[in-house]
2 protein chains.
Amino acid sequence: MRAGSPRLLREINDRAAIDALLRNGPLTRSELENLIGLSKPATAQLLTRLELDDVVRRDGLRGGGRGPRAQLWAVNGALAHVAAIDLTPDSVDIAIADISGTTLTEHHAPMPRGGDVLTAFTEAVGKALAEAHLNLSDLHHVVVGSPGAVDPATGQLGFAPHLPGWEGFDLPGRLTELLGTTVTVENDVNLVAVEEMIAGRARDVRDFVLIWPVDATGAAVVINRVLLRGATGGAGEIDWMRVPDLAEQDTGAGRQGDRYGELLSSVAVTRLAKAHGISARNALGAVTRALASGAAGREFLADLARRIASGVAGVVSVVDPELVLLSGEVAQAGGSVLCELVASELRRLVIPRTPVELALVGGQAVRAGALHSALAVVREQVFGLPTEDMLPPATRSSS
Amino acid sequence: MRAGSPRLLREINDRAAIDALLRNGPLTRSELENLIGLSKPATAQLLTRLELDDVVRRDGLRGGGRGPRAQLWAVNGALAHVAAIDLTPDSVDIAIADISGTTLTEHHAPMPRGGDVLTAFTEAVGKALAEAHLNLSDLHHVVVGSPGAVDPATGQLGFAPHLPGWEGFDLPGRLTELLGTTVTVENDVNLVAVEEMIAGRARDVRDFVLIWPVDATGAAVVINRVLLRGATGGAGEIDWMRVPDLAEQDTGAGRQGDRYGELLSSVAVTRLAKAHGISARNALGAVTRALASGAAGREFLADLARRIASGVAGVVSVVDPELVLLSGEVAQAGGSVLCELVASELRRLVIPRTPVELALVGGQAVRAGALHSALAVVREQVFGLPTEDMLPPATRSSS
DNA sequence: AAATCGTCTGGAAAGTTAACAGACAGGAGT
DNA sequence: ACTCCTGTCTGTTAACTTTCCAGACGATTT
C-alpha cells in the first residue's frame, strides 16, 4: 500500500468520472457531480480537461426543465475499439465495438471444415473491420470465445475435440501475431456466465455456478463476481470428474463410477432414454420426446436429472454457491421440468438448499460475454479502471 | 466509485503508514518515507498527528549510523485487543493479543464433557483476560475456531457431531451476548488454511485447497487469497460429496458410490486396512502400521490414496488450484509416502498436474489462524484497513 | 568532514464555498 | 393574448483551505 500526492487525487477522480459516464450513458455536469461527489467547479474543470485530452466529448444538450439547456457529456468511443468473436466449429460471429460499448458492426462468416481456419478467421475479422470503416491498427483488444480451455502456460487449446485446426499451437499467441493486437481466448461457457452476471439471472449474485450439461459438459465458476479460471485454465472442467451413476436404470457403469462427461454424452443419454423405452437420435431429441410422452418420459427425465445432479452435487459441495444455473441446448429443452427434477435430486445429495434455475440469456450470449470481457480489458488499459470482474486470463505476448 | 477531496488523501496516506508500521515493525521516519512514498515533512507531520491521536507511539531510538539517533515509531497496541480461541471437544486454547499483533497471554483450559460448556468457556476467557490485566470491555473482537461450520443465516453450528452442547442455537450471537464483544466462529480447517497462507506452504499461492482427509473429512478452499465460505458456510464440506470407491479392494460400496466422508471414516479405513491384512484399532494406527510393514502395507496405502484422490479429484476438477495441501493427523502420519501416492493417483484422474504437498504448520495452527483473522477484523474496524484476506464471515449481531 | 535527523519556509496542486451573469419555463398582471 | 417578472438551473470566476513537495538550515553523531 502506497501513499499519494494530490496528483493521485486527480487520477482517482478522473477514473470515477469516466466510470460514471461509461455506466450511466451521457450525463450533464450536475448529474455527474451527484454521482461522483465533486463540487461544481471541480467537475467542470475535470470535464474540460478530459475534453482536451479527447477522453470525453460533448454529446448534445438536455432541455425541458427550467434554466439553460445543460451540456451532455459522454466518453469518446473513438479512443479505442475491440472485437468480440464467438468461435464455433462451423462459423465465427464477430462484433466490433468502441470503448464506450456501442456496437459498430456485426459480421457472421462460415468457417471451412478442415481447411485453413486461421486465414478464414483473419479475413472475417478484416471484413468486419471494413464494415465499420476501421483498420486492424484501430483494434485494441480481441476476445475470442471458444469451446475448450487455453492452458495459460502453453497457450494451447485443450478440451476441444470439436475444433480441429485450432489445436496444437499457442493459439492466443498466433492470433496476436496475425491481428497485430492482443488476443485472448476464453472458454465459451465462462463467457455465458459473464453475460448472465451482467444481464441475466445472476445480476445480484456474488457466487454462482453455471452448468452446461450434456454433450460438451462444462461449468463456469464465479466467485466474488470474478470468473474462476484455475491454475491451468481448467476450473469448471467437470467433464473429467469421476462420479457414480445415480440413475436408477443401470446402463452398465461400474463400481468405480464414470466420467461425468461420459455419463452425460449425447450417446449415453440416448442409451439411458432407450432403457426407459424412449428412442431418439440424440440427447436433445430424447429430452424433447420425453417431455411430450407420459410416465416413462418422466422416469427418464428423473434419471437424467439424477445424473446431472451427481456432478452438480460435487460442485456444490466444494464451493456452496448461492445459485446454480443450468444452461445449454438440452437444459433449455428440458425447461423448468428438468430444472425442478435436478433441484430435488440435488437436495437429496447435499445439505445446502442451493436454488437451481434456468439460465436466462440466449441468442448471442457468448459473443456478448466476449464483448464485455474485451471492454473490461481496454477500459483497464486506457483508463486504468480496475474492472476485476470478468477480465480474461492474463494476456499472452507472442514471445 | 466516488471521487474525493484532499481529505481523502489524508485517509489513504494514514492507512498506508499504519499498514507499513504493522507489517514491518517499528520504523524510523525515513524508512517509513521509503515504504509509503511520502516526503520528509509530510511523513513527519503525519506521525505527530497520529501520535496525538494515540494511534502510534514512540518506540525507542535507532543509533549506529552517522548522524543523530532516529526516532522509532510503532502502532500503539493498546488501542484494541482481540482473543483467538481454538475450541475442541475437550478444551479451549486462548490467546489474547493487542492490535499490533503481539500476544499478551496464552491460556489453556479443559472443557467439561456434557456440562455447561458456555459457562466454562466464558470463565476461561475471563481468566485469560485477567492474566493480561485486561477487562472484557478491552476486547474488540473474538474469533473462535471450531469443527463444523456456522450457517450464516441462522448462526447455528452444523457439521459438528463431536461438539454436543454447542449446537442448536445461534452460537456467535450467544457468545457475543456473553462476552459483550463481537464474536465470530470459523471452521478450524479454514483457519489452518489461513495460517498456511501466512506462515506455511501457501505463502506465495493465490488459489489452493487444503484437504483434511480421514475422520472429520473437510477441505478449505482459498481463491485469490480469500477464504471461500459459501452461501451457507458449507464450502469445502466435501464430507458429504458422493464419490465412487476407487480402491481396488472392494469393501462393498455400491454402484451409486458412497459419501466421501464415509469412505474415509476411521471405521472404513480400518476395514480397508483389514482387507489388506493389516489390523489396527483406528485409521491412524492402520496408516502407521502400514508404513512399517512391507508390500501389503504399501498396497493398503495405495488404496487409501485412491480413495483420498477421488475426492481431491472432484475439488481439482471444479477449482483447478495451484496447490493441494494435505493436513491432519492421518495425512501427517502418512507423510511423503502417502502424499506421493495421492499425487500419482490424482494424475490418473484429472488433467491438471496439480502438485500435492503436506501442510507445514503444526502446533497451534488453528489458534494462530484465528488470531490473524481477529486482527484483520479489528484492523479494519479501527484503521479502516482493507484486509479482505482471511476475514471471518460477516459478524452477526445478536438481534 | 560527512552523513543523517528533525524542522522550517515557500510554493504547487487539487478541491470547496460563495457569488455572479445569463438562459429558460411558468405564472401573474394587464 | 401578450408582457414581464420570478424562480431555477447552467456555467464561470474568485478567494480560501487542505495536502503534499522541494530545498535549506542547524544539530548531532561517527
Side-chain angles (χ1 to χ4, degrees), chain A residues 1-21 26-53 55-74 384, chain B residues 1-21 26-53 55-74 384:
Chain A
M1 202 186 282
R2 283 186 73 79
S5 7
R7 177 162 265 105
L8 174 66
L9 221 43
R10 265 282 153 88
E11 263 176 58
I12 292 175
N13 295 347
D14 284 4
R15 281 182 205 164
I18 292 168
D19 188 60
L21 287 174
L27 295 171
T28 68
R29 182 193 33 70
S30 64
E31 286 167 340
L32 191 58
E33 282 167 31
N34 292 332
L35 281 170
I36 64 177
L38 279 190
S39 68
K40 196 166 21 172
T43 313
Q45 194 202 24
L46 181 151
L47 284 170
T48 53
R49 188 163 36 78
L50 290 185
E51 189 188 20
L52 271 179
D53 290 350
V55 174
V56 301
R57 59 180 170 73
R58 291 158 193 270
D59 187 48
L61 299 172
R62 166 167 309 165
R66 294 189 167 179
R69 284 171 247 282
Q71 180 64 244
L72 281 169
W73 299 88
Chain B
M1 202 187 281
R2 283 186 73 78
S5 8
R7 177 162 264 104
L8 174 66
L9 225 40
R10 264 281 153 88
E11 263 177 60
I12 292 175
N13 295 346
D14 283 5
R15 280 183 204 162
I18 293 168
D19 188 61
L21 287 173
L27 297 170
T28 69
R29 195 217 53 241
S30 63
E31 286 167 339
L32 190 59
E33 282 168 31
N34 291 332
L35 280 171
I36 63 177
L38 281 189
S39 69
K40 197 164 23 170
T43 314
Q45 194 202 25
L46 181 151
L47 283 170
T48 54
R49 189 164 36 78
L50 290 185
E51 188 187 21
L52 272 178
D53 289 349
V55 174
V56 303
R57 60 179 169 73
R58 289 158 195 269
D59 188 51
L61 301 171
R62 167 166 306 166
R66 292 185 169 177
R69 284 172 247 281
Q71 181 64 244
L72 282 169
W73 300 87

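These numbers come from a predicted model, not from an experiment. Proteins get letters first, then strands, A, B, ... in listed order; numbering begins at 1 in each.
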task: Give a yes or no on whether a salt bridge exists between Arg15(B) and Glu11(B), defined as a side-chain N under 4.0 angstrom from a carboxylate O.
output: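 Salt bridge present between Arg15(B) and Glu11(B).
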message: Taking the minimum atom-to-atom distance to the side chain of Lys40(B), which one of dG6(C), dT19(D), dT10(D) wins?
response: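 The listed nucleotide nearest to Lys40(B)'s side chain is dG6(C).
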Atom [atom1] of [X] to atom [atom2] of [N]: distance rounded to whole Å?
{"X": "Leu61(A)", "N": "dC9(D)", "atom1": "CG", "atom2": "P", "value": "18 Å"}
{"X": "Gln45(B)", "N": "dT18(D)", "atom1": "CD", "atom2": "P", "value": "11 Å"}
{"X": "Glu33(B)", "N": "dA22(D)", "atom1": "CD", "atom2": "P", "value": "11 Å"}
{"X": "Glu11(A)", "N": "dA13(C)", "atom1": "CD", "atom2": "P", "value": "15 Å"}
{"X": "Leu8(A)", "N": "dG15(C)", "atom1": "CG", "atom2": "P", "value": "11 Å"}

With respect to the phosphate group of [N], does any side-chain polar atom (N or O) of [X] fall under 4.0 Å of OP1 or OP2?
{"X": "Ser5(B)", "N": "dG15(C)", "result": "no"}
{"X": "Arg29(A)", "N": "dG11(D)", "result": "yes"}
{"X": "Ser30(A)", "N": "dT10(D)", "result": "yes"}
{"X": "Asn13(A)", "N": "dG15(C)", "result": "yes"}
{"X": "Arg10(A)", "N": "dG15(C)", "result": "yes"}

statement: One should read off an interatomic distance between Asn13(A) CG and Arg2(B) CZ, to the nearest 0.5 angstrom, of 10.5 Å
field: Spacing of Arg69(B) atom CZ and Arg62(B) atom CZ [to the nearest 0.5 Å]
entry: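 Interatomic distance, Arg69(B) CZ to Arg62(B) CZ, rounded to 0.5 Å: 13.0 Å.
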query: So what does Ala70(B) touch, heavy atoms closer than 4.0 Å: a base, only the sugar-phosphate, or nothing?
result: sugar-phosphate
- request: Would you classify Gly63(A) as touching base, sugar-phosphate or nothing, given that sugar-phosphate means primed atoms plus P, OP1 and OP2, and contacts are heavy atoms under 4.0 Å?
  value: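 Nothing, no heavy atom under 4.0 Å.
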field: 5′-ward residue of the pair Thr43(B)/Trp73(A) relative to DNA chain D
entry: Trp73(A)
Listed pairs, N/O of protein and of nucleotides 14-16 of chain D, under 3.5 Å:
none

Any N/O pairs under 3.5 Å between the protein and nucleotides 26-29 of chain D? List them or say none.
unit_1  : atom_1 : unit_2   : atom_2 : d
dT29(D) : O4'    : Gly67(B) : O      : 3.3
dT29(D) : O2     : Gly67(B) : N      : 3.2

